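Counting begins at 1 with the first residue of the sequence. Being a predicted model, the structure only gives us computed values, none of them experimental.
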Amino acid sequence: MEQVKRAAAAVLQELEKVIFGKRPKLELVLTCLLADGHLLMEDVPGTAKTLLAKALARILGGTFRRLQCTPDLLPGDVTGSSIYNQKTGEFEFHPGPVMTQILLADEINRATPRSQAALLECMAERQVSVDNKTYTLKRPFFVIATQNPVEHEGTFALPEAQLDRFLMRLSLGYPGQEAEEKMLEAGRSSDPFDTLRQILTLENLAKIQDMVRGVRVHPEVRKYIVSAVASTRGSKEFALGAGPRATQGLYRACQAAAAIAGRDFVVPADVKRLYPAILYHRVILGAEGRLSRRTVAQAVDASIGLVPAPIVDPSALASPVT
């Protein structure tokens, strides 16, 4: 996994040329990408969400499309549509913005449920169906959707089925004092975005994503992942717990995080570090949870805190799993 570690370090180094003081969050973004998932960014305006997507596309050598979601957005505006060509007398398919490698769905909660649902097949099945024809999306396909957590007027909340399609939900947040000063200094004479270099090819990225699936997960660690997610289903504080897709997502993300760290095996610490980004947006507090005046994060933390982490010998973690 040393190759994956070097590639990840190079990508992160380039990202830090334009996004300052957010190394842990950038590592989570890269983990989501290598785990072949999608990302929901819930943040206030001006916190580099669009810049992150554009920078990733340039560093990976892929195409980038931005979809500005509005109430009048139609499903065909997302997937593409067939238009009649008068010269040929035939309908021609004109691809929509989803036909790309990095897709930014900006302010996704401003689109109507019908248009939001148009992304479902693209995200889950990696394909687009238009006029009884199916078009396969090229790998890698990475969706970064954003929504403003403060302004809710004129928005349509994402349903649970849509939220569950996102492997992670993150918030970059405001930069610190030192990072913001560094941002001003970096952009004093030129745009630092112009200095970004391509680090990987799309073919190399696809190979790395396949390599991540080969990271070993000890049976005890695998059991810990399943038990951690299942703990949200048995708690009376939740009206809805995390489903099997969350278990699978946490498993893949742990593999990706281990590979980024240069390990070919997952440790329990990977699970503890990653579950907040993967589970918080998949559960709903019930009456008992609301009465306890806990937040979703506090309730999930308490639930998973009751699951004992396995103590496994490091040599056993690194040995091949049968």
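The minimum heavy-atom distance linking A246 with L279 is given by the pair CB-CD2, 3.8 Å. In plain terms, the two heavy atoms of A302 and R294 that are nearest each other are CB-NH1, 3.3 Å. In terms of heavy atoms, M211 sits closest to V4 at CE-CG2, 3.7 Å. In terms of heavy atoms, A57 sits closest to F64 at CB-CB, 3.5 Å. Minimum interatomic distance between D164 and R245 (heavy atoms only, all atoms of both residues): OD2-NH1, 2.5 Å. The two residues L52 and M41 make their nearest non-hydrogen contact at CD2-SD, 3.7 Å.
For the residue pair E92 / N85, a side-chain donor-acceptor distance below 3.5 Å is found, with atom types taken as modelled. A donor atom on one side chain and an acceptor atom on the other are not found under 3.5 Å apart for T232 and S303. Side-chain contact, Q101 with T63: a donor N or O sits under 3.5 Å from an acceptor N or O. Side-chain polar atoms of T146 and E107 form no donor-acceptor pair below 3.5 angstrom.
Atom CD of Q198 is surrounded by more than 12 heavy atoms from other residues, nucleotides or ligands within 6.0 Å. Enclosure of atom CD in Q127 by more than 12 non-hydrogen atoms of other residues, nucleotides or ligands within 6.0 angstrom is indicated. Within a 6.0 Å sphere centred on NZ of K25, other residues, nucleotides and ligands contribute more than 12 heavy atoms. The environment of CD in Q177 is sparse: at most 12 heavy-atom neighbours from other residues, nucleotides or ligands sit within 6.0 Å. Applying the 6.0 Å contact sphere to CZ of R197 captures no more than 12 heavy atoms from other residues, nucleotides or ligands. Shown here is I311, whose CD1 atom has no more than 12 heavy atoms of other residues, nucleotides or ligands within 6.0 Å. The local environment of CZ in F193 is crowded, with over 12 non-hydrogen atoms from other residues, nucleotides or ligands closer than 6.0 Å.
Between I144 and K49, every side-chain heavy-atom pair lies at or beyond the 4.5 Å cut-off. Residues L56 and V29 meet the side-chain proximity criterion, which asks for heavy atoms closer than 4.5 Å. By the 4.5 Å heavy-atom criterion applied to side chains, P97 and L103 are counted as neighbours. Side-chain atoms of L306 and S231, non-hydrogen and from C-beta on, never get closer than 4.5 Å to each other.
Transitive grouping of hydrophobic side chains (ILVMFWY, heavy atoms separated by less than 4.5 Å) brings I278 and V296 into a common cluster. Hydrophobic clustering (side-chain heavy atoms under 4.5 Å, transitive across Ile, Leu, Val, Met, Phe, Trp, Tyr) groups M123 together with L67. Both I304 and F238 sit in one connected hydrophobic cluster of ILVMFWY residues. Membership requires side-chain heavy atoms under 4.5 Å apart, directly or through other members. L200 and L26 fall within a single hydrophobic cluster, where Ile, Leu, Val, Met, Phe, Trp and Tyr side chains are chained together by heavy-atom contacts under 4.5 Å. Cluster annotation: V11 and L34 are assigned to the same hydrophobic cluster (Ile/Leu/Val/Met/Phe/Trp/Tyr, side-chain heavy-atom contacts under 4.5 Å, transitive).
Not a single donor-acceptor pair under 3.5 Å links the side chain of Q116 to the backbone N or O of P159. Remark: the backbone N or O of K223 is paired with a side-chain donor or acceptor of S227 at under 3.5 angstrom. Counting only distance, with no hydrogens or angles, the side chain of R114 and the backbone of L73 share no donor-acceptor pair below 3.5 Å.
Using a 4.0 Å cut-off between a side-chain N of Lys or Arg and a carboxylate O of Asp or Glu, D264 and R216 qualify as a salt bridge. Using a 4.0 Å cut-off between charged nitrogen and carboxylate oxygen, R263 and D270 count as a salt-bridge pair. Taking a cutoff of 4.0 Å between a charged side-chain nitrogen and a carboxylate oxygen, K182 and E178 do not qualify as a salt bridge. Salt bridge annotation for K17-E14: present, with a cationic side-chain nitrogen under 4.0 angstrom from a carboxylate oxygen.
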Worked verdict on D210 versus R139 for salt bridge (charged side-chain N to carboxylate O under 4.0 Å, His left out): CA-CA 11 Å; D210 291 335; R139 290 187 63 193; 3.4 Å; yes
side-chain contact (heavy atoms from CB on, under 4.5 Å) evaluation trace for F141 with C122: CA-CA 9 Å; F141 175 62; C122 306; 4.2 Å; yes
side-chain contact (heavy atoms from CB on, under 4.5 Å) evaluation trace for R165 with V143: CA-CA 10 Å; R165 304 289 178 176; V143 175; over 6 Å; no
Salt bridge (charged side-chain N to carboxylate O under 4.0 Å, His left out) between D36 and R252, worked out: CA-CA 8 Å; D36 212 8; R252 297 299 182 204; over 6 Å; no
Full working for side-chain contact (heavy atoms from CB on, under 4.5 Å) between L28 and R273: CA-CA 10 Å; L28 288 176; R273 184 168 68 91; 4.1 Å; yes
From CA spacing to verdict: side-chain contact (heavy atoms from CB on, under 4.5 Å), Q147, L40: CA-CA 8 Å; Q147 59 180 9; L40 176 63; 4.0 Å; yes
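H38 and F142 have parallel rings, their planes meeting at less than 30° on a 0 to 90° scale where 60° marks the start of perpendicular. Aromatic ring orientation, Y280 versus Y275: perpendicular (interplanar angle above 60°, classes split at 30° and 60°).
Rounded to the nearest 0.5 Å, atoms CD (Q3) and NZ (K207) are 8.5 Å apart.
Partners of D301 under the salt bridge (Lys or Arg N to Asp or Glu O under 4.0 Å) rule, at least two apart in sequence or in another chain, do not exist in this structure.
M183 belongs to a hydrophobic cluster whose remaining members, ordered by chain and number, are F20, L184; membership requires side-chain heavy atoms of ILVMFWY residues under 4.5 Å apart, directly or through intermediates. Hydrophobic cluster of F91: the remaining members, joined at side-chain heavy-atom separations below 4.5 Å, are Y84, listed by chain and number.
Cation-pi check for K133 over F93 is not met; the charged atom does not lie both under 6.0 angstrom from the ring centroid and within 45 degrees of its normal.
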